[in-house]
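Values below: every heavy atom of this structure, side chains too, minus hydrogens, waters and symmetry copies. Sequential numbering from 1 along the given sequence is applied to the chain's residues. In this text, all values refer to a predicted model and were calculated from it rather than measured experimentally.
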Amino acid sequence: MADPRQISSKDNPLLVRVRKLGADPGGYRRLGEVWLEGDHLCTAFVQRGGRALQAIVSAEGWSQPALRDLAAHAAAVAVVPPELMAGLSTLESPPRIGFVVATPTAPAITPDAPSVVLDRLQDAGNVGAVLRSASAFGFAQVIALKGTAALWSPKVLRAGMGAHFALRLVEGIEADALAALQVPLLATSSHAARAIHQVTLPWPCAWVLGHEGQGVAQGLQQRCAMALRIPQPGGEESLNVAAAAAVCLYESARQRTA
């Protein structure tokens, strides 16, 4: 690895660009780069074979061999003082390392992949949590329809905890593009007659998760092969969409491995 570049000015073009990526959820689409904050995300990226365009390490972090080894997976390395690292972060405790990586090329839909479809989910924390569940329970593809929170935004990345790098992520498409899927669509409904654990779930399949307040759009609901109920004996009106996703994806995985 080449000697790191020392940066001491907040007006350095690299730092200006990273601050833009951190402040704008959709900035990665325009700038062609994604900002990964923290050693956990950077390590997950490297474990999936990724190589960063740029590593930025705090002076404190550079003194730690493990972080220097992690930074070696970038084409270039910059070391900055703690106050400049803090200026790149929206976290209460700024990370000691971050990667700038190329924005992944948007793939086409894989027709037969076990999938999760996000219909206009707004909350970045929910979207990231759904990605974590998808990866954990063996769903290979997540398809985000237009109106869903930007999948590679800093908040979704933090909530995803590295799940992004294990998934095929398709975003910004219209509902009609789901015609490319050759697996049955499944949705939940509190009014459904059958509970999720009372039916044999198809595999592979695509679970459709809807907007936090409005649910799945009516036209998309009509495309679903099944609408199933999640039993809630405690009497709550509905589950948070990320919690509902975990239940649905777990039940698919449970049945598949039983």
Q.
Quick check against the 3.5 Å criterion: does His73 have a side-chain atom that pairs as donor or acceptor with the backbone of Ala52?
A. no
Q | pair Leu181-Val117: side-chain heavy atoms closer than 4.5 Å | A | yes
Q. Should Leu169 and Leu131 count as side-chain neighbours, where that means a heavy-atom distance under 4.5 Å?
A. yes
(Q) Please verify the inter-ring angle class for His164 with Trp152; under 30° counts as parallel, over 60° as perpendicular, anything in between as tilted. (A) tilted
Q | Derivation and outcome, salt bridge (charged side-chain N to carboxylate O under 4.0 Å, His left out), residues Lys146 and Glu174 | A | CA-CA 6 Å; Lys146 282 185 177 178; Glu174 301 286 355; 3.3 Å; yes
Q) Below 4.5 Å, heavy atoms only, C-beta onward: do Pro95 and Asp39 meet side chain to side chain? A) no
Q) What are the two closest heavy atoms between Trp207 and Leu228, and how far apart are they? A) CH2-CD1, 4.1 Å
Q.
Please find the pair of heavy atoms, one from Met226 and one from Val199, that lie closest to each other, and give the distance.
A. SD-CG2, 4.4 Å
Q: Look at atom CD of Gln122 and say whether more than 12 heavy atoms of other residues, nucleotides or ligands are closer to it than 6.0 Å.
A: yes
(Q) Which heavy atom of Arg5 sits nearest to which heavy atom of Asn12, and what is that distance? (A) NH1-ND2, 3.8 Å
Q) Side chains of Val77 and Trp62: closer than 4.5 Å at any heavy-atom pair? A) yes
Q) Any donor-acceptor pair under 3.5 Å linking the side chain of Ser9 with the backbone of Asp11? A) yes
Q: Look at the side chain of Glu212 and the backbone N and O of Asn240, then say whether any donor-acceptor pair between them is shorter than 3.5 Å.
A: no
Q.
Other residues, nucleotides and ligands only: do more than 12 of their heavy atoms fall within 6.0 Å of CD on Glu83?
A. yes
(Q) Are the side chains of Leu15 and Ile56 in contact, using a 4.5 Å heavy-atom criterion? (A) yes
Q) Checking Glu171 side chain against Leu151 main chain: does a donor-acceptor pair fall under 3.5 Å? A) yes
Q) What distance do Arg254 atom CZ and Leu249 atom CG have between them, rounded to the nearest 0.5 Å? A) 14.0 Å
(Q) Does either side chain, that of Glu37 or that of Ser89, offer a donor lying less than 3.5 Å from an acceptor on the other one? (A) yes
Q) Given the rule in the side chain to side chain contact (heavy atoms under 4.5 Å, CB included) test, do Glu33 and Lys20 qualify, once you have shown the distances and angles that lead to the verdict? A) CA-CA 11 Å; Glu33 295 173 336; Lys20 287 180 180 178; over 6 Å; no
Q) Quick one: OG on Ser135 to CZ on Phe165, what's the gap to the nearest 0.5 Å? A) 11.0 Å
Q) Distance-only, no hydrogens or angles: does the Gln64 side chain make a donor-acceptor pair with backbone N or O of Gly61 under 3.5 Å? A) no
(Q) Side-chain heavy atoms nearer than 4.5 Å, only ILVMFWY residues, links allowed to pass through others: does that put Leu21 and Ile7 together? (A) yes
Q: Answer with yes or no whether the hydrophobic clustering places Val46 together with Leu167; edges join I, L, V, M, F, W, Y residues whose side-chain heavy atoms lie under 4.5 Å apart.
A: yes
Q) Step by step, would you call Phe99 with Leu70 a side chain to side chain contact (heavy atoms under 4.5 Å, CB included)? A) CA-CA 10 Å; Phe99 279 174; Leu70 184 56; 4.1 Å; yes
**Q.** Among Lys155, Arg19, Arg158, side-chain hydrogen bond (donor to acceptor under 3.5 Å, both in side chains) partner for Thr90
**A.** Arg158
Q. Are Val127 and Val208 connected in the hydrophobic side-chain network, where two residues link if heavy atoms are under 4.5 Å apart?
A. no
Q) Does Leu220 reach the side chain of Arg223, with side-chain heavy atoms less than 4.5 Å apart? A) yes
(Q) Evaluate Val241 against Leu239 for side chain to side chain contact (heavy atoms under 4.5 Å, CB included), listing each step before the verdict. (A) CA-CA 6 Å; Val241 65; Leu239 289 174; over 6 Å; no
**Q.** Atom pair CG/CG of Asn126 and Leu209 - distance to nearest 0.5 Å
**A.** 10.0 Å
Q. Taking all atoms of both residues into account, what is the closest heavy-atom pair of Gln255 and Leu201, and its distance?
A. OE1-N, 2.8 Å
Q: Determine yes or no for a side-chain-to-main-chain donor-acceptor pair under 3.5 angstrom, with Ser153 supplying the side chain and Pro25 the backbone.
A: no
Q | Trp203 and Ser252 side chains, donor-acceptor separation under 3.5 Å | A | no
Q: Measure across Cys248 and Thr188 and return the closest heavy-atom pair with its distance rounded to 0.1 Å.
A: SG-CG2, 3.4 Å
(Q) Between Ser133 and Ala245 (side chain of the first, backbone of the second, donor and acceptor by atom type, cut-off under 3.5 Å), is there such a pair? (A) no
Q) Any luck finding a side-chain donor-acceptor pair between Arg229 and Ser189 under 3.5 Å? A) no
(Q) Working to the nearest 0.5 angstrom, can you tell me the gap between Ile173 CD1 and Ile109 CD1? (A) 3.5 Å
Q: Supply the atom-to-atom distance Leu88 CG to Ser58 OG, rounded to the nearest 0.5 angstrom.
A: 10.5 Å
Q: Provide the closest heavy-atom pair for Ala134 versus Val142 in the form atom of the first, atom of the second, distance.
A: CB-CG2, 4.0 Å
Q. Within the distance-only criterion (no hydrogens, no angle test), does the side chain of Arg168 pair as donor or acceptor with the backbone N or O of Ala108 below 3.5 angstrom?
A. yes
Q.
Within this structure, what is the CZ-CZ distance for the pair Phe45 and Arg51, rounded to the nearest 0.5 Å?
A. 9.5 Å
Q) Hey, any chance Val116 and Leu186 share a hydrophobic cluster, counting ILVMFWY side chains that come within less than 4.5 Å of each other, even indirectly? A) yes
Q: Begin with the C-alpha distance, continue with both residues' side-chain angles, and end with the deciding distance and a verdict on side chain to side chain contact (heavy atoms under 4.5 Å, CB included) for Val130 and Phe139.
A: CA-CA 11 Å; Val130 171; Phe139 285 76; over 6 Å; no
Q.
Is the shortest side-chain heavy-atom distance between Leu14 and Gln54 below 4.5 Å?
A. yes
**Q.** Side-chain heavy atoms of Cys42 within contact of Leu67, under 4.5 Å
**A.** no
Q.
Looking at Ala113, is its backbone amide N or carbonyl O close enough to the side chain of Ser115 to form a donor-acceptor pair, meaning the two atoms are under 3.5 Å apart?
A. yes
Q. Side-chain heavy atoms under 4.5 angstrom apart, residues restricted to Ile, Leu, Val, Met, Phe, Trp, Tyr: same cluster for Val100 and Leu84?
A. yes
